[in-house]
Amino acid sequence: MVISNTTSPVNLSSSDVVPIKCTGAYALMDSLCRHGVKHIFGYPGGAILPIYDELYRFEAKGELQHILVRHEQGAAHAADGYARATGKVGVCFGTSGPGATNLVTGIATAHMDSIPMVIITGQVTRAAIGSDAFQETDIYGITLPIVKHSYVARNAADIPWIIAEAFHIASTGRPGPVLVDIPKDVGLEEFYYQPVNPGEVKLPGYRPTVKGNPRQISAALDLISEAKQPLLYVGGGAVLSNAHAQIKELAELFQIPVTTTLMGLGAFDEHSSLSVGMLGMHGTAYANFAVSECDLLIAVGARFDDRVTGKLDEFASRAKVIHIDIDPAEVGKNRRPDVPIVGDVRQVLEQMLQRARELDLPNTDGLTQDWLKRIDKWKEDYPLVVPHPEDALSPQEVIVEVGRQAPHAYYTTDVGQHQMWSAQFLKTGPRRWISSAGLGTMGYGLPAAMGAQVALADEDVICISGDASFQMNLQELATLAQYNIKAKTVIINNGWQGMVRQWQETFYGERYSASNMATGMPNFELLAQAFGVKGITVRNRDELKGAIASMLEHDGPVLLDVHVKRDENCYPMVAPGKSNAQMLGLPKKAPEKQHLEVQVCTNCGTRNSGESNFCSECGTKL
């Protein structure tokens, strides 16, 4: 972490630009534009007013757009959703004190999921720092555990370098959020500004390893070539490095089944016969059986999270492990690999595929054929089930219908049962699945959808939320209305904190403490209308398809409130402390058909069952 106290190096920035006298606020805004920033999500306040005053001028020139959120947490989540959908660095602003602390949950969300963001906070004047001044908090210290890097700009002349470094650090290696705290008087301070452009930063102590060690790549290929029951375990790092094409090629070349984490959804086509869907606590039964039985686990940009592994010492306990990750701290942290490979996932897989082509691999056809047949049998015996109760809508059928009508949409979610059902039933593409995985942040979905929609104005963006999660950041309906951001929200409304209720039912003797949300729940349709947003309510199956179609056709934001079966549980489920093979709520295995011997009548040729004594057609003794 760096607190800047010295002026910028001389004559190291763009040599073709004549230095101009300007304020620190101007240098900040110009530096952001030079780094490709088109949208900023934020909320003003006293300490950041010099920056907002300069922002006013840049907006007037049409150089960027500021999106005024209604709560700073919404700004952080919107910048996060913007980054996940595009792969670019998301940017948000907040003032000092409560404005900065309101950003903390969004910063932690981005940190846990490795999302590139630059967060600009205003601060009290340099002379007032440490004096408990009005709206002073040490946001630098508060956020130390949840950022990739931090700065306090002590001099206006440092701002061009700080911003260039912040974008470089946020977007390279393992991505993450970078905080820049700017005292009010630094924004007002004048100096001779010479820009620093992208690519001009050199940080000798920061050199992420991006290419894999050739020996380790050869060792990994040896294991893959010999494995009879391999499994690709794909995490969020594969999405962040845009490695979906390389994963597809590797899986198809060696005929390896693929499972993804919650963060990894979209990195592999789930319509492929090689896909086994998501694994873990609410993963598919066949993914969890596969990881329990595999003889080689190829972890690609995944970190062996507890919601994935279940009981860690029984996770892929029979398998050798190849672990590919750009962060050396993750390799071996939870599970010691047989072949560790540190590097960018896409580049490492490219190296692996190139080496496989040089060696003309695979040399043996059909090595995994029996394994794939076994997995297909699990798929047949333990499918994901979509209930159709007579007297209510099931949450699953709502999500399936949304996915059917909007198969190419970008989906954000909040956190809970609806998140897990969405992960199970929505089939998305790269970067089209946007969900708070590591921190599990309720209230994430709506502002994240807002950010994704601002970035991708012509795409369909849909937030799948729950009635409890939605109420965490419902004020952002005003932001949607102000800018006519056409993101759609579907509330899976069961009147509960659904996942909490399920745990209370399953593990706490049905003692439903503080989880019922029915009393005090607003009429969401009227609430949306109060904000100037179209609201729709669905209470039965006959209304569902038409309501979803109407939502998608509307050229503006929509809130669709769908009332579903109140006590539906999300299965399969791996209970805490259990292995992935020990799942609750598996569908009952269909009884195997008995293949009885057929007896052909010698008189009339009729085929009779092996149990028959006489022909059913002519009565001849068999």
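All values below come from the heavy atoms of this structure, side chains included, with hydrogens, waters and symmetry mates left out.
- The minimum heavy-atom distance linking His111 with Lys148 is given by the pair ND1-N, 4.5 Å.
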Leu265 vs Arg432, test: side-chain contact (heavy atoms from CB on, under 4.5 Å). Steps then yes/no.
CA-CA 9 Å; Leu265 289 170; Arg432 291 173 186 262; over 6 Å; no
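- Comment: Glu350 does not engage Arg346 in a salt bridge, judged by the lack of any side-chain N to carboxylate O separation of less than 4.0 angstrom.
- When all heavy atoms of Thr86 and Ala455 are compared, the pair lying nearest together is CG2-CB, 3.5 Å.
- Using a 4.0 Å cut-off between charged nitrogen and carboxylate oxygen, Glu358 and Arg355 count as a salt-bridge pair.
- Salt bridge Asp305/Arg303: present, at least one basic N to carboxylate O contact under 4.0 Å.
- You'll find the side chain of Cys463 stays beyond 4.5 Å of the side chain of Tyr410, heavy atoms only.
- Side-chain polar atoms of Thr441 and Thr109 form a donor-acceptor pair below 3.5 angstrom.
- Here the side chains of Gln246 and Leu353 are in contact, with some heavy-atom distance below 4.5 Å.
- For Glu293 and Arg374, the salt-bridge test passes: some basic side-chain N is under 4.0 Å from an acidic carboxylate O.
- Considering Ile548, Ile491, Val402, Leu544 in turn, Leu544 is the only one that fulfils the side-chain contact (heavy atoms from CB on, under 4.5 Å) rule with Val562.
- Salt bridge annotation for Asp567-Lys565: present, with a cationic side-chain nitrogen under 4.0 angstrom from a carboxylate oxygen.
- A heavy-atom distance below 4.5 Å is found between the side chains of Met263 and Arg84.
- Checked against ring-ring contact (aromatic ring centres under 6.0 Å, His included), His244 has no partners two or more places apart in sequence or in another chain.
- In this structure, Phe289 and Trp378 have tilted ring planes: the angle between them lies in the 30° to 60° band.
- The side-chain contact (heavy atoms from CB on, under 4.5 Å) test with Gln502 is passed by exactly one of Gln497, Gln417, Met420: Gln417.
- Annotation: side chain of His168 is in contact with side chain of Leu203 (closest heavy-atom distance under 4.5 Å).
- The only member of Thr368, Thr259, Asp269, Leu372 that meets side-chain contact (heavy atoms from CB on, under 4.5 Å) when paired with Leu274 is Leu372.
- Of all the heavy atoms in Ala329 and Lys333, the pair that sits closest is O-CB, 3.4 Å.
- Within the 4.5 Å cutoff, no side-chain heavy atoms of Val348 are placed close to those of Asp344.
- With contacts defined as side-chain heavy-atom distances shorter than 4.5 Å, the pair Leu296/Ile322 qualifies.
- Using a 4.0 Å cut-off between a side-chain N of Lys or Arg and a carboxylate O of Asp or Glu, Glu226 and Lys320 do not qualify as a salt bridge.
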